[in-house]
Structure formats: C-alpha cells, structure tokens
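Note sheet for the following structure.
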Amino acid sequence: MPVQDPWVRYLLAKRTVDDRALNLHVFRALQRVWSHIASDPPRIVELGAGIGTMVARLLDWGLLDRGEYLLLDLHPALREAGLPWLRTWAQERGWPFRVTGDSALLEGPRGVLTLRWRVEDVYAYAARAPAETVDLLLAHALLDLMDLPSLLPLLWRLLKPGGLAYFTLNFDAGTVFLPERPELDEDFLLDRYHASMDNRTIQGRPGGSSRTGRRLLEWAVAHPQVRVLAVGASDWAVLPTGEGAYPEDEAFFLAFILETVYDALRQDPQVSSEQAQIWYRTRMKDLEEGRLIYLAHQWDVLFQKVL
Ligand SMILES: C[S@@+](CC[C@H](N)C(=O)[O-])C[C@H]1O[C@@H](n2cnc3c(N)ncnc32)[C@H](O)[C@@H]1O
C-alpha cells in the first residue's frame, strides 16, 4: 500500500522500532494475569490508537483472540488509513475481516474480535464512558502528550476492579543522538527539546511531560487502589544494520524524529535559528550517510486496579 500521509507513514514506520522496544518482562506479566481477569467476552479499550498497530501486535503476539476492542483516537484520518491497513494485515494471515459501519469483525484462529472505532478526545471519553466496564486499558506512546493528574483518575474509573492498564512507551527524559558531536552543544539543545514537552499546552491543558515514565510510577505508588504488577524499560534504539542501511522504513522514522526536534528548537527563543539549523543539517547528513544512531528512554508499566 503506498503511504502518502507522513503521519500515517510515521506510525507504520514506528511499528518495527516499537516491536523491538516493548519490554518482554512486562508483556509476559500481562500474559500471565490476563486469562485470570478477562471477562467473557473481554472488553479492551485503546486510547490514542492511531492506525491500529497495537491490536495487530497483540493478536500476532498471542495475547488477544476474541472480545471487543475499541480504538479511540482524535483524528478520523487515522481510522480511514487504519481500517484498510488492518484488513490487509488480516488477509495476509488468512483471517476473515468483515466491515460493518463503524466496526469490523476479525475472525482469528481462536475466536472473533469485534473492532470498533471512535473519534473522540481521550479526556471527554474517559469522563463520560460507563464506570468499571473495561478489562484492559491500553495507551501506547500516548501518555507523554497528556496531563496525567487530570487524566489518570478518569481512566481508573473506567477499569473494572481487578482490571489492567498496560501503558507502554512512556518517555522519560532520555534522548541521545550519535555519533557524539560536541560542536553542536547537543546536551543544551536536547534539554530545550525536553522543555518544549514540559511547556506545551494542548487545548488549554498541559500537553504532557518529558518525565512521563517516572510520573506514572510516582502516581501509582501514591494511590492505594493502584498496584504496579510489572515495570521495565522500553527504549527505542534505531541504528543502521549494515552498510549504512536502516531496517524497514526506519530511515523515514528517523527523519520524522529529526524534523520533530527541529520544529521544537525553531520555536524556542532560547535557541538561535542558526544553531537549530546547523544541528538539523548535521544530523540529517548523518542520517543520509547512514551513521545516525537514535536512542530514546521509555518505560512500560502494567497496573492493576485493586479490588
Ligand atoms: C504518538 S501517536 C501514537 C499512536 C499509536 N498508539 C501508535 O503508537 O502507533 C499518539 C496518538 O494519540 C492521538 N491523540 C493525541 N491526543 C489525543 C486526545 N486528546 N484524544 C484522543 N487521541 C489523541 C493522536 O491522534 C495519535 O494517533
């Protein structure tokens, strides 16, 4: 499928990077406890689901086989792009995929999963959706865009007692580009990039934190109704695998990340436009010549709502 939209292409390119990064200790803890707590049929809600790569992954990795899966995202274009992508993905596995209105039935080898899409803001959904109905709540590469103190209590209300929250790829103030280039004063620039996450507002709310991973853990420990079942690092690591070539579409992923950092630096009055431009050109050249390495520090956490 030719992918035109850069954001959709980024989400697709991110898939292989995420597959490597997700913490297996945390995922295995989820696998162990899931069959003990899941309702029949299980109800799963994914917040900020993008094009649906997580549902595909959880089917491929054998966690899910049936139930009801809601894909919630603010942007209708992601459903438009995600639905045909998921259909193709299912066809490649020989699994029937039938679309009816705003939902699809996916017949896997062990059962039927009903997929539903909803275009809605996470806060609005979490405030109005019925309480204590969700078995598994997913948020993948999302929470660092959110105002955790206002969102987390709303999310907790949705989970049934004993229900699970599998929150993955929570950024935690670690960005590294290599090779080291002292002339770029990159520590300063990356501090400013992280500050842009801390200072961001989205629709009048704080738009996340560069320290989301640790904030999540602090929040859990301060709330007796939250139990942390497992935690582990899920760092992104992207590097050329041979002769300067990056796997799959990961060169595009890296270009997108460089562009994102550059955008933040350009808007920062503490960074001169010349310094931002030199940084961007140098790192793009590193990418084009196949020597750029990118690392980002993130955490995966599995929570349970205490009975
Ligand atoms: C970094 S992307 C991750 C997407 C997907 N989880 C993945 O990893 O492929 C964040 C997603 O959250 C969605 N999003 C951001 N803010 C949102 C909000 N307030 N309500 C619902 N979705 C939101 C975006 O549209 C985007 O699809």
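If you read the sequence from its start, that first residue is 1, and numbering goes on from there. What you see is a predicted model, and the numbers here were worked out from it, not measured in a lab. All ligand and atom numbering here is 1-based and tracks the order in the structure.
Closest to atom 7 (C) of ligand 1 by heavy atom, among Glu46, Lys14, Arg15, is Lys14. Checking Val8, Leu74, Leu143, Asp18 against atom 23 (C) of ligand 1, the nearest heavy atom belongs to Leu74. The residue among Leu142, Val122, Thr168 with a heavy atom at the shortest distance from atom 14 (N) of ligand 1 is Leu142.
Under a 3.5 Å cut-off, the side chain of Asp300 and the backbone N or O of Ser234 do not form any donor-acceptor pair.
In the vicinity of Leu11, heavy-atom distances shorter than 4.0 Å reach the ligand 1 atoms 4 (C), 9 (O). Annotation for ligand 1: atoms under 4.0 Å from non-hydrogen atoms of Ala141 are 1 (C), 2 (S), 3 (C), 8 (O), 10 (C). Set against the non-hydrogen atoms of Glu120, the atoms of ligand 1 under 4.0 Å away are 20 (N), 21 (C). Against a heavy-atom cut-off of under 4.0 Å, Asp121 is close to the following atoms of ligand 1: 18 (C), 19 (N), 20 (N). Atoms of ligand 1 found under 4.0 Å from any heavy atom of Leu78, numbered from 1 in the order shown, are 25 (O), 27 (O). Counting the atoms of ligand 1 from 1 in the order shown, those under 4.0 Å from a heavy atom of His75 are 25 (O).
Residue Trp7 places a heavy atom under 4.0 Å from ligand 1. Proximity of Met146 to ligand 1 is established by a heavy-atom distance of less than 4.0 Å.
Between Trp219 and Trp156, the ring-plane angle classifies as perpendicular under the 30° and 60° cut-offs. Phe177 and Tyr294 have parallel rings, their planes meeting at less than 30° on a 0 to 90° scale where 60° marks the start of perpendicular. By the 30° and 60° cut-offs, the orientation of the rings of His194 relative to Phe171 is perpendicular. Aromatic ring pairs are classed by plane angle as parallel below 30°, tilted from 30° to 60° and perpendicular above 60°; the pair Trp299 and His297 is perpendicular.
Within 6.0 Å of atom CD in Glu289, more than 12 heavy atoms from other residues, nucleotides or ligands are found, so the atom counts as buried in its surroundings.
The shortest contact between atom 4 (C) of ligand 1 and any protein heavy atom is with Gly48 O, 3.4 Å. Looking from atom 13 (C) of ligand 1 to the surrounding protein, the closest heavy atom is Asp73 OD2, 3.3 Å. What sits closest to atom 9 (O) of ligand 1 on the protein, heavy atoms only, is Thr53 OG1, 3.5 Å.
Residue Ile202 does not touch ligand 1, judged by heavy-atom distances below 4.0 Å.
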Can Ser210 and Asp198 be said to form a side chain to side chain donor-acceptor pair (under 3.5 Å), step by step? CA-CA 6 Å; Ser210 64; Asp198 301 327; 3.0 Å; yes
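You'll find the ring centres of Trp279 and Tyr193 outside the 6.0 Å limit.
Separation of atoms CG (Leu302) and CG (Leu229) is listed at 4.5 Å; rounding is to 0.5 Å.
Using a cut-off of 4.0 Å between Lys/Arg side-chain N and Asp/Glu carboxylate O, Lys160 and Asp135 are scored as salt-bridged.
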